[in-house]
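What's counted below: heavy atoms across the whole structure, side chains too, no hydrogens, waters or symmetry copies. Note on naming: letters A, B, ... go to the chains in the order of the sequence lines (proteins, then strands), and numbering restarts at 1 for each one.
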Amino acid sequence: MSQQKPSAPRGMRDFGPEEMFRRNYIFSTIRKTFEKYGFLPLETPAMEKLETLTGKYGEEGDRLIFKVLNSGDFLKAAREKGIDLSQYNSLQLVKHISERAMRYDLTVPFARYVVQYHHQLTFPFKRYQIQPVWRADNPQKGRYREFYQCDADVVGSPSLINEVELILILHETLTALDIPGFKIYLNNRKILAGMASVIGASDKLTALTIALDKLDKIGHEKVLEELSNNGFDNNALAALNDLMQAASTQNDVMPFLRSFLQADELGMKGIEEIDFVINTLNSLGFPDDCISVDMTLARGLDYYTGCIMEVKVPDSGYGSIAGGGRYDDLTGIFGMSGLSGVGVSFGADRLYDLMMALNLFPPFAENRYTYFFLNFGSDESLRCMQMIQKLRSHQIKCGIYPDSVKIKKQMEYADKMHVSFVCTIGSDEISNQTIGIKNMQTGEQRTITQSAFFNELGLLS
RNA sequence: GAGGAUGUAGCUCAGCAGGUUAGAGCAUCAGAUUGUGGUUCUGAGGGUCGUGGGUUCGAGCCCCAUCUUCCUCCCCA
């Protein structure tokens with residue numbers, strides 16, 4: 001009686017038919033673009049070995065990985081290996097009672113896949129992958145513990161043509177989804193590394209990128225404060241202050257970067273790469289108001305090494321809806337170095353929320369019955385089903401109300417299902433070989449012979 | 001991982017210094033109309049007030065715990 005209401009776990013959601021209709025609209029749009037650019041589908045398991053995932057996402061990331069308890073009596077198994085469980089805190093205990101974990105993103109499992117199957121892959125290997133990932137993060141608006149990523153990656157080709165194509169994909173997909181005013185931000189990890197080197201803080205690259213990334217959120221002062229707390233000296237802070245000034249005031253930051261990084265070989269390489277990407281896009285007629293170089297863009301994932309990109313709708317209140325970048329040595333972690341990868345990822349759930357807020361989905365009505373038959377009893381419904389089967393064999397969506405209940409109730413149902421036409425075959429229609437057809441939008445109703453009905457549809461009766 | 005709010009009918013929300021049988025709108029179901037929807041009218045069902053404890057003569061309201069959702073930090077899609 002006073003049973004607790006059932007519910008899905010925190011941060012995880014059910015998707016009803018209407019939501020699925022919209023979600024599939026997003027997924028199929030993304031899938032269509034990926035395939036158009038020559039990417040092939042891939043799926044990997046929901047779980048990976050814990051060791052495959054740990055250490056790939058930084059310290060914070062490790063904490064957010066959902067670990068799965070070993071099957072069976074895992075405590076007994078651990079004790080039998082001579083492990084004194086009372087000696088460990090829960091963090092240390094994990095590796096003795098959990099060997100598997102839920103997938104945290106799609107890139108690392110993909111890297112694992114590439115290393116495992118490299119002998120049978122043809123490079124450059126282009127795959128796309130649309131699957132859920134899980135993070136033990138604190139749920140908030142637009143942040144879930146289970147959400148979908150839609151990734152496309154190219155592995156085995158260092159060419160910047162891939163970067164260009166991925167940006168084209170970002171643009172083409174978001175345009176197809178009608179996302180208004182989205183902007184692609186572009187940067188290069190080599191530039192960030194160059195900046196760290198120029199100010200003499202190469203060892204603090206991660207701290208620098210994390211702080212810079214927050215510029216548009218917390219402002220100059222706070223960023224400087226954070227950097228200062230992280231041990232950056234006054235010279236470095238002054239140089240970074242200039243840099244942030246330039247980033248927020250100049251339309252084209254490239255001249256500034258060129259002079260800032262002129263003495264740094266790696267930084268200049270990064271500039272070269274960005275130049276190539278931007279110039280190529282320009283000569284392809286890419287609209288330059290939807291892309292801009294943002295030297296404060298960092299992106300959290302540690303493994304990026306070259307171009308990085310991120311898509312946002314400015315002032316929408318939503319975080320980034322897509323992003324990506326180049327990672328030179330991801331497969332190196334799995335013992336296969338020298339394979340360069342580059343990819344993009346759409347955050348389908350954020351796209352969904354954004355599109356809901358902006359009312360960008362097509363109406364949910366198309367997918368129902370075209371012809372819906374009312375049920376007047378057993379003889380009548382049998383005749384209806386014969387006609388229905390004929391219509392279905394011509395790919396026409398149709399159906400019948402399964403129970404012979406009040407017509408008013410059946411009509412209400414048809415109305416709610418947004419059917420286009422209601423067909424009635426009662427005793428009169430059976431004896432006359434006719435059919436009543438009602439247009440549910442106009443309310444217009446007519447009775448014609450059944451053979452005329454098939455003729456109108458271009459079918460033989 | 002840290003801090004702060006929230007939770008009343010299927011949904012959106014009322015409610016009172018803690019005081020008898022907890023309300024509204026929408027939705028649902030039934031009837032007006034026993035072969036016709038989206039409008040109208042009438043009526044009905046549905047809540048041990050998130051859950052578990054505690055304080056009190058008495059708790060939807062106060063206290064504690066727990067879960068959900070939301071917000072900030074952290075981090076991210």
Side-chain angles (χ1 to χ4, degrees), chain A residues 1-13 16 26 30 57-65 90-91 103-107 130-151 206 209-211 213-214 217-218 222 226 298-302 310-312 317-324 344-354 365 372-377 380 401 404-430 435-447:
Chain A
M1 240 235 309
S2 99
Q3 229 181 353
Q4 197 150 350
K5 250 187 223 172
S7 72
R10 183 173 167 74
M12 306 193 180
R13 301 156 298 159
I26 293 178
I30 292 173
Y57 309 107
E59 203 179 316
E60 186 71 11
D62 282 358
R63 207 191 73 209
L64 300 180
I65 295 172
S90 28
L91 195 69
R103 182 202 302 130
Y104 180 89
D105 73 354
L106 301 179
T107 307
I130 298 178
Q131 286 191 279
V133 302
W134 293 270
R135 295 185 189 178
D137 204 354
N138 228 306
Q140 278 180 40
K141 198 183 203 73
R143 309 179 80 161
Y144 308 98
R145 287 185 160 176
E146 179 183 56
F147 60 95
Y148 273 71
Q149 288 189 331
C150 314
D151 279 27
T206 305
T209 55
I210 288 175
D213 206 29
K214 295 179 193 163
K217 224 175 171 180
I218 63 177
K222 292 268 182 189
E226 185 169 329
R299 288 188 64 76
L301 270 28
D302 279 344
E310 189 158 287
V311 187
K312 283 183 191 165
Y318 289 86
S320 68
I321 49 176
V344 289
S345 176
F346 290 90
D349 299 85
R350 284 205 178 157
L351 266 175
Y352 182 96
D353 291 347
L354 177 72
F372 188 72
F373 287 70
L374 301 189
N375 188 328
F376 287 89
E380 294 90 337
Y401 195 92
S404 170
V405 297
K406 268 200 232 172
I407 296 309
K408 178 183 166 70
K409 191 180 167 79
Q410 300 191 36
M411 287 298 290
E412 279 171 356
Y413 183 82
D415 187 38
K416 278 182 195 149
M417 293 299 111
H418 298 114
V419 312
S420 310
F421 298 95
V422 164
C423 301
T424 49
I425 297 182
S427 49
D428 292 353
E429 286 86 353
I430 287 207
I435 179 171
I437 298 167
K438 176 162 183 168
N439 181 323
M440 291 297 277
Q441 258 166 16
T442 63
E444 167 206 359
Q445 188 164 348
R446 65 209 170 104
T447 302

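In this structure, the NZ atom of K409(A) is 14 Å from the P atom of rG37(B), given to the nearest Å. Look at CG on D213(A): it is 14 Å from P on rC73(B), rounded to the nearest Å. Counting to the nearest Å, the P atom of rG1(B) and the CD1 atom of I65(A) are 14 Å from each other. Note: CE (M411(A)) to C1' (rG38(B)) measures 9 Å, nearest angstrom. Taking atom CD1 of residue I210(A) and atom C1' of nucleotide rC75(B), one finds them 9 Å apart after rounding to whole Å. Look at CG on D151(A): it is 16 Å from P on rC76(B), rounded to the nearest Å. What separates CZ of R143(A) from C1' of rC74(B) is a distance of 8 Å, to the nearest Å. Whole-Å rounding puts the L64(A) CG to rG1(B) P distance at 10 Å.
Nearest heavy atoms, K438(A) versus G443(A): CE-O, 3.7 Å. Between E380(A) and S427(A), the shortest heavy-atom distance links the atoms OE2-N, 3.9 Å.
Side-chain contact check for R135(A) versus Y104(A): some heavy-atom pair is nearer than 4.5 Å.
Ring-to-base geometry does not place F376(A) in a stacked arrangement with rG35(B) (centre distance under 5.5 Å, plane angle under 30° required).
Nucleic acid contact for G11(A): sugar-phosphate only, since backbone atoms but no base atoms lie under 4.0 Å from a heavy atom of the residue. Here Y144(A) lies in heavy-atom contact (under 4.0 Å) with a base. Heavy atoms of K214(A) sit under 4.0 angstrom from primed sugar atoms or phosphate atoms, though from no base atom. Nucleic acid contact class of G436(A) (heavy atoms, under 4.0 Å, all strands): none. Contact annotation for Q441(A): base contact, defined as any heavy-atom pair under 4.0 Å involving a base atom. Using a 4.0 Å heavy-atom criterion, one finds that T424(A) contacts the bases of the nucleic acid, with or without backbone contacts as well. Nucleic acid contact for K438(A): base, since at least one base atom lies under 4.0 Å from a heavy atom of the residue. G142(A) comes within 4.0 angstrom of a base, heavy atoms only.
Across all strands shown, the partner of rA65(B) is rU51(B), judged by Watson-Crick or G-U wobble contacts whose two distances both fall under 3.5 Å. Across all strands shown, rG25(B) pairs with rC11(B); the Watson-Crick or G-U wobble distances both stay below 3.5 Å. In this structure, rA32(B) forms a base pair with rU40(B), meeting either the Watson-Crick or the G-U wobble geometry with both donor-acceptor distances under 3.5 Å.
For the pair Q410(A) (side chain) and V405(A) (backbone), a donor-acceptor distance under 3.5 Å is present. With N439(A) contributing its side chain and E444(A) its backbone, the two residues share no donor-acceptor pair below 3.5 Å.
When each of N439(A) and N138(A) is assigned the nucleotide of RNA chain B bearing its nearest heavy atom, the one mapping closer to the 5' terminus is N138(A). Residue whose closest nucleotide on RNA chain B sits further toward the 5' end, between D349(A) and S427(A): S427(A).
Of the P atoms belonging to rG10(B) and rC71(B), the separation is 25 Å, rounded to the nearest Å. Rounded to whole Å, the C1' atom of rG47(B) lies 8 Å from the corresponding atom of rA22(B). Using atom P as the reference point in both rU56(B) and rC63(B), the two lie 16 Å apart (nearest Å). Annotation: rG58(B) and rU42(B) have their C1' atoms spaced 40 Å apart (nearest Å). Rounded to a whole angstrom, the distance from the P atom of rG7(B) to that of rC70(B) is 15 Å. As rounded to the nearest Å, rG60(B) and rG45(B) have C1' atoms that lie 23 Å from one another. rG23(B) and rG37(B) have their C1' atoms separated by 32 Å, given to the nearest Å. Rounded to a whole angstrom, the distance from the C1' atom of rA77(B) to that of rC13(B) is 33 Å.
In this structure, CG in L374(A) is found 10.0 Å from CD in E429(A), a value given to the nearest 0.5 Å.
Paired with R143(A) under the rule side-chain contact (heavy atoms from CB on, under 4.5 Å), one option of D137(A), D349(A), N138(A) passes, and it is D137(A).
Residue D415(A) places a side-chain atom within donor-acceptor reach of the base of rG37(B), judged by atom type and a 3.5 Å distance cut-off alone. Counting atom types as modelled, Q445(A) pairs a side-chain N or O with a base atom of rU36(B) as donor and acceptor under 3.5 Å.
Of the listed nucleotides (rU68(B), rC73(B), rG37(B)), rU68(B) has the atom at the smallest distance from the side chain of R10(A). For Q140(A), counting side-chain heavy atoms from C-beta on, the closest listed nucleotide (rC71(B), rG37(B), rU36(B)) is rC71(B). Counting only heavy atoms from C-beta on, I407(A) has its side chain closest to rG35(B) among rG37(B), rU28(B), rG35(B). Distances were taken from every side-chain heavy atom of K416(A) (C-beta onward) to each of rG37(B), rU28(B), rC76(B); the shortest belongs to rU28(B). Taking every side-chain heavy atom of E429(A) into account, rG35(B) is the closest of rG35(B), rG31(B), rG38(B).
R135(A) has no side-chain polar atom (N or O) that falls below the 4.0 Å cut-off from OP1 or OP2 of rC76(B).
With sequence neighbours excluded, the residues satisfying ring pair (Phe, Tyr, Trp, His ring centres under 6.0 Å) with Y413(A) are F372(A), Y401(A).
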